[in-house]
Amino acid sequence: MDVTTIAWTVLLLPLIVAVSILLGLKRWSGLASLVSTGSAFITLFLCIRLAGGGDDLEAASFSWINMGDALQIDIGLVLDDLSRGMMLIVTSIGFLVHLFSLAYMKDDAGKSRYFAGLSLFMFSMTGIVLADNFIMMFIFWELVGVSSYILIGHWFEKDSAADAAKKAFLTNRIGDFGFMIGILLVWTLTGSIYFNEIAAAVGGVENAKLLNIAVFCVFCGAIGKSAQLPLHVWLPDAMEGPTPVSALIHAATMVAAGVFMLARVTFLVESAEMAATVIAWIGAITALVAALMALQQNDIKRILAYSTLSQLGYMIMAQGVHHGSDAGMFHLYTHAFFKALLFLGSGAVIYACHHEQDIWKMGGLRKKMPITFITFAIGTAALIAVPFTSGFWSKEAILEAAHHEHLWGPYTLAIIVAFLTPFYMTRLVIVAFFGKNRSDNADHAKEVGPIMWVPLALLAFMAVFSAYDFLTGPLMANGHADIGHLIGHFGLTATLSLTGLVVGVSAAIYFYKGKDKDPISIPAFADRFYIDEIYEKLIAIFQDGASKVCDLLDRYFIDPIVARFPAMTAMTTGSILRIFQMGNVQTYAFMFSIAVVALIVFLIS
């Protein structure tokens with residue numbers, strides 16, 4: 001099987017499986033789940049083959065829209081180090097989520113629909129990664145939005161799940177509208193929608209102001225998909241979906257799409273200095289605000305959701321740093337493994353505690369779920385950047401890139417986050433896994449079966465070692481652990497980062513060890529800085545204002561002029577003409593005579 005065939009198989013196989021489940025296997029949920037999981041394994045195996053080598057190439061494309069010299073759009077695939085590495089992340093995390101779901105969703109009434117949604121999601125994300133032009137990427141970008149809507153709202157009988165799905169879909173449409181405008185502006189400036197042609201043409205663009213606007217509009221797509229301020233509000237509510245879906249969305253697919261897209265067009269970002277600075281600042285501010293929100297959350301999945309927001313802020317910040325794109329993608333790569341581990345670990349805890357998600361109703365799970373505890377602790381260590389774990393190396397790479405470019409504002413915010421992350425994650429571990437059982441659900445919890453803990457063990461291994469050369473090479477990562485460089489150049493960044501780690505962990509132990517309720521209460525953090533409430537009020541004000549304007553238009557323009565005036569005109573005209581339709585022969589003869597006289601007078605004059 002040649003490279004082109006493998007690439008198209010990786011793209012189309014999940015779509016074929018999704019259609020097959022919905023049209024033929026929906027009644028046999030067990031078979032549907034096995035087929036979907038099997039296809040995920042096959043795509044992972046094929047992606048490993050794709051990563052095996054070969055020069056950059058574009059797979060055979062198919063003409064879609066052809067308007068002569070004006071516009072030609074092909075559906076084509078690009079295979080370079082960036083897409084090969086990203087495909088390994090997507091398919092490996094996707095397969096482990098499928099495997100975990102076999103146990104987690106075994107008794108779910110909509111299991112066939114769920115696995116069809118997973119396959120559709122894999123197809124959509126694969127299309128984004130392999131796209132060789134903006135239009136194809138945008139099509140699959142929207143398909144990711146549709147499939148995430150399906151998965152987040154899987155339990156649509158729950159109002160909260162249905163509302164969360166709609167919120168995610170509509171919020172992303174705002175960012176996607178800006179993305180679409182950005183694509184059109186880039187096409188106008190460079191004359192192409194193909195990434196390789198844009199890269200060659202962007203250096204000749206003379207209108208720097210319009211280029212900055214175009215790049216910022218393109219970035220709007222990432223603001224939506226990667227949940228950056230101010231469009232971050234959908235991501236925490238997406239926790240209403242099944243926990244494996246949360247792992248899939250947060251680890252390597254939907255939220256990573258924005259970071260990947262910016263990495264794909266890094267030549268655009270580096271050509272627009274002002275837009276790049278804005279990108280760095282938005283990423284840094286998002287990282288800080290999300291970390292502050294996580295400090296006071298009690299739902300185990302929401303804590304991890306805000307952690308994802310914060311880490312995405314790191315990645316986005318790196319994309320705005322000159323020559324920082326590789327560091328951002330390196331963190332995306334390591335984050336995929338340890339965040340998938342943490343979400344699947346939280347799923348195991350929720351499953352064992354009979355779907356209890358409040359950490360203050362857990363406690364003592366360390367002894368009842370030893371495998372889950374150990375793997376969760378390893379994932380936490382990677383997230384808080386304990387030295388020599390994968391997260392340590394990738395986070396340090398981002399901080400070093402910002403420090404090297406003297407972006408002191410974003411750099412300072414990122415250092416503060418390096419203190420907050422150890423604090424709120426240590427809080428989660430202490431409250432959920434240590435102390436006494438605080439509910440019957442926690443008291444009756446027991447270790448999950450091997451179908452669940454085997455993926456946790458594999459991800460735990462990757463959470464520690466994925467940054468080292470023996471894995472970064474085969475997995476085509478954009479960075480690697482460099483112990484010699486760390487020892488030889490132990491500078492300001494490493495000192496501040498390790499200080500933040502020690503202080504954060506120590507402070508969390510001091511405040512939360514042995515506590516049965518939260519000793520800290522900061523309502524603004526717990527209520528997410530009231531941003532959701534502000535949006536609700538603004539939307540309500542907008543709706544009220546719009547309804548009043550529409551009422552006035554309807555009352556004083558549409559009803560009297562558009563609707564009533566034509567009707568009254570027709571009725572009046574009919575009433576006048578009715579006078580002449582009397583049915584009297586003498587009257588008709590008289591009117592005819594008058595008409596003849598009038599005609600003669602007109603002709604004579």
Side-chain angles (χ1 to χ4, degrees), residues 226 228 256 259 262-263 266 269-270 276-292 294 307-339 380-425 463 466-468 472 477-505:
S226 293
Q228 300 295 286
V259 181
L262 291 176
T266 186
V269 177
E270 292 183 352
T277 302
V278 172
I279 291 171
W281 270 103
I282 289 179
I285 293 171
T286 301
L288 177 61
V289 172
L292 291 173
S307 168
T308 299
L309 280 175
S310 186
Q311 298 303 306
L312 285 169
Y314 269 134
M315 300 175 208
I316 293 293
M317 184 186 82
Q319 298 303 323
V321 176
H322 191 60
H323 298 307
S325 180
D326 283 350
M329 285 301 297
F330 185 32
H331 196 53
L332 185 154
Y333 157 81
T334 60
H335 177 266
F337 295 110
F338 61 73
K339 187 50 64 69
T380 300
L383 174 58
I384 67 178
V386 171
F388 308 113
T389 61
S390 62
F392 170 78
W393 298 109
S394 56
K395 190 203 73 173
E396 292 301 299
I398 292 175
L399 294 176
E400 283 289 353
H403 181 255
H404 184 265
E405 294 299 323
H406 304 294
L407 292 175
W408 297 111
Y411 177 79
T412 302
L413 298 182
I415 290 294
I416 295 172
V417 175
F419 156 73
L420 296 174
T421 305
F423 182 85
Y424 68 71
M425 286 305 299
S466 60
Y468 291 88
T472 56
N478 291 58
H480 64 90
D482 192 342
I483 298 175
H485 178 80
L486 176 66
I487 296 173
H489 300 82
F490 194 89
L492 176 65
T493 297
T495 302
L496 293 175
S497 181
L498 291 177
T499 301
L501 172 66
V502 173
V503 173
V505 171

> Which heavy atom in S307 sits nearest to a heavy atom in L383, and how many Å separate them?
Replying inline: OG-CD2, 3.2 Å
> Quick one: CG on L492 to CG on L399, what's the gap to the nearest 0.5 Å?
Replying inline: 10.0 Å
>> Measuring only between side-chain heavy atoms, which start at C-beta, is L498 closer than 4.5 Å to F392?
In response: yes
> With sequence neighbours left out, what residues match T286 under side chain to side chain contact (heavy atoms under 4.5 Å, CB included)?
Replying inline: Q228, L229, I282
>> So which atom in A467 and which in W393 form the shortest heavy-atom distance, rounded to 0.1 Å?
In response: CB-CD1, 3.8 Å
> What heavy-atom pair brings A382 and A463 nearest, and what distance separates the two atoms?
Replying inline: CB-O, 3.6 Å
> If every non-hydrogen atom of L312 is compared with every non-hydrogen atom of S226, which pair is closest and at what distance?
Replying inline: CD1-O, 3.3 Å
> Taking all atoms of both residues into account, what is the closest heavy-atom pair of T389 and A381, and its distance?
Replying inline: OG1-O, 3.6 Å
>> For V503, give me all partners under side chain to side chain contact (heavy atoms under 4.5 Å, CB included), at least two apart in sequence or on another chain.
In response: F419, T499
Side-chain donor-acceptor pairs under 3.5 Å in residues 406-416, sequence neighbours left out?
{"unit_1": "Y411", "atom_1": "OH", "unit_2": "T493", "atom_2": "OG1", "d": "2.8"}
{"unit_1": "T412", "atom_1": "OG1", "unit_2": "W408", "atom_2": "O", "d": "2.7"}

> How about Y314 and V417: do any of their side-chain heavy atoms sit closer than 4.5 Å?
Replying inline: yes
>> Once rounded to the nearest 0.5 Å, what's the spacing between atom CD1 of I285 and atom CE of M317?
In response: 11.5 Å
> Is there a side-chain contact between L288 and L420 (heavy atoms, below 4.5 Å)?
Replying inline: yes
> Hey, what do you get for OG1 (T380) to OH (Y424), rounding to the nearest 0.5 Å?
Replying inline: 10.0 Å
>> Enumerate the side-chain hydrogen bond (donor to acceptor under 3.5 Å, both in side chains) contacts for residues 316-332, please, sequence neighbours excluded, ordered by first and then second residue.
In response: Q311-H331, Q319-S325, D326-N478, H331-S394
>> Can you list everything that forms a ring pair (Phe, Tyr, Trp, His ring centres under 6.0 Å) with Y333? Sequence neighbours excluded, please.
In response: F337
> Which residues satisfy the side-chain hydrogen bond (donor to acceptor under 3.5 Å, both in side chains) test with S497, sequence neighbours excluded?
Replying inline: K395, E396
> Closest approach of A291 and S310, non-hydrogen atoms and distance?
Replying inline: CB-OG, 3.9 Å
>> For I384, is there any backbone N or O sitting under 3.5 Å from a side-chain donor or acceptor partner on T421?
In response: no
